[in-house]
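Beneath this line is the structure, given in structure tokens, with notes to follow.
These numbers were taken from a predicted model, which means no experiment stands behind them.
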Amino acid sequence: MPELPEVETIVRSLAPGIRGRVIERARLFFKPLLRQAPRGGLAVLAGKRVLSVRRRGKMAIIECEGGLSLVFHLKMTGQLLLAASGETWDKHTRLIVTFSDGGPELRFRDVRKFGFLLCVSGTPEGACAELSSLGPEPLDITIEDFGRALRGRKARIKGLLLDQTVIAGIGNIYADEILFDSGIHPVTRAAALTKKDAGRLWESTRKILALAIEAKGSTLRDYVDAEGKAGGFQFFHKVYDREGEPCVKCGTPVQRIRVAGRSSYFCARCQRKRRAV
DNA sequence: GCCACTGTTAGCAT
DNA sequence: CATGCTAACAGTGG
């Protein structure tokens, strides 16, 4: 479930472990993971120092010397892990990056193999469409720009929250939690939202994502940080995966419906549908 | 064993 | 262009 809070937690737990260290080599066990790379592949990384580790949307970016960057998307089950050099790994480990100091190595593990890696030259945003096509960061966008991004859109609000070109980093869990917090029904057409609704949605987005980062993300199945530690925000979910349980605000059983092809949990009493304008 | 379901999104149909 | 399904994969649970 790596959405924005999980990827942020991974990046924060990974950065101190690899920043400043020199890459020895990268071993790729599953070729299709590497979607894009310079001629010669990951061998260009040998001898390069890691300069920074950061996040954009749901992607993790490792910037190295020589203008080289690694861009990871974890999709549903991807993990970035720090492991002692030489420690055994399982069949789901797709990549191992070792460092010349012989210290902990970086591993990419992904059960479902949906994740991808790009090795690019130049600014990552300039070098790959996967990054340049992303919408604004939800914790950076102004309330005015947020309103503008939704204004007049006929799509359902939940679908737009999940659309990475509209706003980057929100996935199924946080979309449901944000909509519950703001009291908006997931099938509401964005065009039907009042200015007040949009304002509450912006506030809830910031609040929920900030709380989730503070709790180090939500662990339902596979997600752990770079040190293998689970998150704690799942204990604060108010609607996600709570079908049939009483709403924490009003006691009405939480419902589950399908919106934008995804399971969507909500309280029919606290999240009334808006009348189309 | 079989079927439904899972955190994402690219690609295709409408 | 905007919007909405589906498939890609592997595993889990009923």
Side-chain angles (χ1 to χ4, degrees), chain A residues 1-10 29-36 55-60 71-80 90-95 108-118 128-135 138 148-179 186-193 208-209 212-213 215-225 230-237 239-244 256-265 276:
Chain A
M1 87 223 64
E3 302 180 28
L4 186 155
E6 288 76 30
V7 180
E8 182 64 31
T9 304
I10 288 168
F29 302 118
F30 177 64
K31 300 289 183 236
L33 169 69
L34 187 61
R35 192 187 278 188
Q36 181 186 327
R55 177 194 61 76
R56 175 76 172 96
K58 298 174 189 173
M59 283 178 254
V71 180
F72 290 90
H73 197 308
L74 278 45
K75 290 288 184 97
M76 293 168 76
T77 56
Q79 301 171 327
L80 282 171
D90 70 7
K91 64 173 181 173
H92 302 303
T93 301
R94 314 296 178 191
L95 170 82
F108 180 80
R109 185 173 176 272
D110 184 17
V111 170
R112 287 178 76 175
K113 300 199 281 197
F114 286 170
F116 64 75
L117 168 62
L118 312 171
C128 60
E130 288 82 351
L131 286 171
S132 61
S133 64
L134 291 178
R148 268 191 281 276
L150 302 179
R151 191 165 308 152
R153 300 288 302 254
K154 290 180 189 163
R156 294 161 170 172
I157 186 59
K158 171 141 180 189
L160 291 175
L161 290 178
L162 294 175
D163 185 337
Q164 303 299 298
T165 68
V166 173
I167 193 156
I170 299 172
N172 202 36
I173 295 173
Y174 296 106
D176 281 2
E177 294 299 319
I178 288 165
L179 287 169
V187 306
T188 310
R189 303 282 165 181
L193 294 175
I208 296 294
L209 294 178
I213 290 170
K216 301 190 186 299
S218 302
T219 295
L220 298 182
R221 296 187 59 84
D222 304 272
Y223 163 71
V224 287
D225 71 9
F233 196 67
Q234 64 278 11
F235 301 119
F236 298 97
H237 292 176
V239 286
Y240 186 81
D241 204 20
R242 293 189 167 278
E243 184 182 15
R256 171 157 80 143
I257 58 173
R258 206 135 191 96
V259 182
R262 322 290 301 282
S263 271
S264 302
Y265 302 86

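Asp163(A) meets the side chain to side chain donor-acceptor pair (under 3.5 Å) test with Thr165(A); sequence neighbours excluded. Legend: residues meeting salt bridge (charged side-chain N to carboxylate O under 4.0 Å, His left out) with Arg189(A), ordered by chain and number and at least two apart, are absent. Arg151(A) meets the salt bridge (charged side-chain N to carboxylate O under 4.0 Å, His left out) test with no other residue; sequence neighbours excluded. Qualifying salt bridge (charged side-chain N to carboxylate O under 4.0 Å, His left out) partners for Arg262(A), counting only residues two or more places apart in sequence or in other chains: none.
A donor-acceptor contact closer than 3.5 angstrom is absent between the side chains of Arg112(A) and Thr77(A).
When all heavy atoms of Ile170(A) and Glu3(A) are compared, the closest pair comes out as C-OE1, 3.9 Å.
If you check dT3(C), dA10(C), dT6(B) against the side chain of Tyr240(A), the one that comes closest is dT6(B). Considering only side-chain atoms of Ala155(A), the nucleotide from dT3(C), dT9(B), dA10(C) that sits closest is dT3(C).
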Using a cutoff of under 3.5 Å, can you pull out all pairs of nitrogen or oxygen atoms linking the protein to nucleotides 5-8 of chain C, with atom names and distances?
none

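The residue Lys91(A) sits close only to the backbone: its heavy atoms come under 4.0 Å of sugar-phosphate atoms, none of a base. Among the atoms of the strands shown, only primed sugar atoms or phosphate atoms (P, OP1, OP2) are found under 4.0 Å from some heavy atom of Arg153(A).
Remark: Lys113(A) is in phosphate contact with dA10(C), judged by side-chain N or O atoms under 4.0 Å from OP1 or OP2.
Between the side chain of Gln234(A) and the backbone N or O of Thr219(A), at least one donor-acceptor pair lies under 3.5 Å.
For DNA chain B, runs of at least 3 consecutive pairs of the Watson-Crick or G-U wobble type, with both hydrogen-bonding distances under 3.5 angstrom, map to B:2-6 with C:10-14, B:8-14 with C:2-8.
When each of Val71(A), Leu118(A), Leu117(A) is paired with Gln36(A), the side chain to side chain contact (heavy atoms under 4.5 Å, CB included) condition holds for Leu118(A) and for no other.
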